[in-house]
S.K.: 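Please read through the structure below; I'll follow up with questions.
Chain letters run A, B, ... following the sequence lines, proteins first, then strands; residues in each count from 1. These values consider heavy atoms only, across backbone and side chains, with no hydrogens, waters or symmetry-generated copies.
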Number of protein chains: 2
Amino acid sequence: MRNPKEAAHKATGHTQRGQCSKRLSILDAAAEVFCRQGFAGASIDEIAVEACVSRQTIYNHYREKETLFTAVVEDVMNRTNASLFSILATFPDKPGNLEDDLSAFAVRLTKNCLCNQDGQFLRKLVQSEGERYPQLFEGWRKHGPGKIGTALAALFARLSYGGVLQMEDFDLAARQFLALVNADLQMITLFGESPTDEQLESAAHNAVRTFLRAYSTPATPLSAATPLLKATVG
Amino acid sequence: MRNPKEAAHKATGHTQRGQCSKRLSILDAAAEVFCRQGFAGASIDEIAVEACVSRQTIYNHYREKETLFTAVVEDVMNRTNASLFSILATFPDKPGNLEDDLSAFAVRLTKNCLCNQDGQFLRKLVQSEGERYPQLFEGWRKHGPGKIGTALAALFARLSYGGVLQMEDFDLAARQFLALVNADLQMITLFGESPTDEQLESAAHNAVRTFLRAYSTPATPLSAATPLLKATVG
DNA sequence: GTCAAAATAGACACTATTGTCTAAAACGTC
DNA sequence: GACGTTTTAGACAATAGTGTCTATTTTGAC
């Protein structure tokens with residue numbers, strides 16, 4: 001769902017607030033319905049009801065169903081990419097405790113990008129409609145996971161040159177880091193549920209521990225083998 | 001797809017012998033179309049054309065669209081589970097080289113269960129229709145990934161007690177193993193493409209290397225740090 | 001209050017799809 | 001070749017959805 005602050009979603013200089021809020025209502029409702037029903041299963045009437053707007057209003061703003069769909073996808077992608085970009089900057093330059101820093105970073109990433117409503121929407125829609133709209137999701141491929149990947153790879157490169165990590169392929173390590181974080185989460189998100197904060201933290205903790213066991217230098221000891229939180233997924 | 005023989009049947013059109021082959025043609029075609037279009041987007045007529053069968057024949061075998069859909073899902077699940085079960089038994093009791101054994105095992109798993117056409121079908125359908133048919137996919141959840149998970153966990157427990165691996169949580173390690181194997185593959189499968197054999201082997205190799213770096217005992221050295229195959233995903 | 005832009009409800013034509021029905025044809029088995 | 005089963009093509013009603021149109025009302029700016 002959208003942040004109320006982003007009501008500053010600018011359009012033409014002369015647009016009134018009412019007009020703008022209709023647009024946002026439509027986009028939000030359409031995202032909800034498209035995500036729940038898929039493109040073919042979603043009906044304009046259902047979106048209109050969900051947005052508390054007449055069907056004709058939707059057609060005033062978007063020429064046809066497909067136009068609305070692409071607008072929704074682009075909107076969600078922009079929001080997710082912005083959120084992603086701001087989160088990527090949050091990793092501390094001089095890490096205190098690497099394990100804690102990586103865990104907190106992973107939690108922020110999953111909570112605000114990968115596993116929130118927008119993230120679910122994108123994953124689901126890319127999966128179900130990706131083949132039909134390759135050019136549309138090309139941007140997601142490049143600027144979504146691609147950007148996370150390269151940014152993470154850069155981070156790991158920095159940590160490797162700093163002597164804290166030890167690896168041969170930074171891109172691979174980035175993919176594996178994300179995969180490990182998702183390991184405990186995918187069964188939850190696959191069914192459209194949102195993981196709780198405890199689940200996010202447990203998943204991040206488990207992932208980072210294994211990641212560091214594989215990639216930290218011998219001089220960088222892990223936290224002692226305390227009893228791990230067992231992530232009860234089912 | 002079930003088996004090349006039926007594909008040949010389909011191509012020949014009206015000259016099919018058994019009535020059983022009609023059933024199979026329908027199931028295969030329906031799987032194909034449901035996977036491509038989703039439940040709502042798939043039309044019975046399209047399935048009929050794809051199966052080289054009249055629409056009425058489909059209704060003779062399956063009362064309605066939903067009946068056909070559940071039959072398809074169950075069929076694919078049964079086939080995948082059978083394949084899974086047979087693959088799980090292929091891990092050698094007395095491993096020669098653990099890294100090679102795990103890699104080969106991961107390749108078999110991805111090739112025949114996780115990334116083949118049936119695997120793609122299930123992943124996609126669970127994602128898009130899972131919320132609408134929770135009871136239907138409950139079986140998949142339990143007998144699909146659940147069974148892989150527990151079987152892998154049992155394997156890792158055995159290897160741990162044998163002193164080759166070292167870990168605290170076998171279930172977690174199993175989830176992470178699968179996640180690592182998917183790390184290089186998910187971007188390919190997400191867009192409905194099938195990974196090549198080279199990609200499967202590279203992904204398995206990368207995953208197993210990292211997995212063993214994290215979980216093998218110090219006494220079990222990895223293969224020397226040879227230049228890694230770089231999995232070019234994009 | 002006035003006025004123009006925007007939103008609304010409702011009707012509408014058009015298309016697509018589901019599921020049923022029927023008579024004819026093909027098939028398998030004897 | 002006869003017979004019962006299966007398949008087929010085609011017509012069919014019923015339903016649902018898309019996109020358009022119009023007349024009316026609401027809204028916001030001035």
S.K.: Given atom CG of B:Asn60 and atom C1' of C:dT20, what is their separation to the nearest angstrom?
M.R.: 11 Å
S.K.: Check side-chain contact (heavy atoms from CB on, under 4.5 Å) between A:Pro195 and all other residues, then give those that pass, not counting sequence neighbours.
M.R.: A:Cys115, A:Leu185, A:Ile188, A:Thr189, A:Gln199, A:Leu200
S.K.: Determine which pairs satisfy salt bridge (Lys or Arg N to Asp or Glu O under 4.0 Å) with at least one residue from residues 34-47 of chain A, sequence neighbours left out, and list them in order.
M.R.: A:Glu32-A:Arg36, A:Arg36-A:Glu46, A:Arg36-A:Glu50, A:Asp45-A:Arg55
S.K.: Can you name the residues that form a side-chain contact (heavy atoms from CB on, under 4.5 Å) with A:Glu131, not counting sequence neighbours?
M.R.: B:Lys124
S.K.: Indicate the atoms forming the closest heavy-atom contact of B:Gly149 with B:Ala174, along with that distance.
M.R.: O-CB, 3.5 Å
S.K.: Who are the side-chain contact (heavy atoms from CB on, under 4.5 Å) partners of B:Asn116, not counting sequence neighbours?
M.R.: B:Asp118
S.K.: Can you pull out how bent the helix from C:dG1-D:dC30 to C:dC30-D:dG1 is, comparing the axes over its first five and last five pairs, to 10°?
M.R.: 40°
S.K.: Restricting both atoms to N or O, compile the protein contacts to nucleotides 17-24 of chain D shorter than 3.5 Å, with distance only.
M.R.:
residue, atom, partner, partner atom, Å
D:dT18, OP1, A:Ala42, O, 3.3
D:dT18, OP1, A:Ile44, N, 3.4
D:dT18, OP1, A:Lys65, NZ, 3.2
D:dT18, OP2, A:Ile44, N, 3.1
D:dG19, OP2, A:Tyr59, OH, 3.3
D:dG19, OP2, A:Lys65, N, 3.0
D:dG19, O6, A:Arg55, NH2, 3.4
D:dC21, N4, A:Gln56, OE1, 2.6

S.K.: Return all side-chain donor-acceptor pairs below 3.5 angstrom for residues 81-92 of chain A, not counting sequence neighbours, or 'none' if the list is empty.
M.R.:
residue, atom, partner, partner atom, Å
A:Asn81, ND2, A:Met77, O, 3.4
A:Ser83, OG, A:Asn112, O, 3.2
A:Ser86, OG, A:Ser83, O, 2.9
A:Thr90, OG1, A:Ile87, O, 2.5
A:Thr90, OG1, A:Arg108, NE, 3.0
A:Thr90, OG1, A:Arg108, NH2, 3.1

S.K.: Atom NE2 of A:His61 and atom C1' of C:dA6: how far apart are they, to the nearest Å?
M.R.: 8 Å
S.K.: Which residues pass the side-chain contact (heavy atoms from CB on, under 4.5 Å) test with B:Ala106, not counting sequence neighbours?
M.R.: B:Phe177, B:Val181, B:Ala204
S.K.: Run the ring pair (Phe, Tyr, Trp, His ring centres under 6.0 Å) test against B:Phe39 and tell me which residues pass, sequence neighbours left out.
M.R.: B:Phe34, B:Phe69
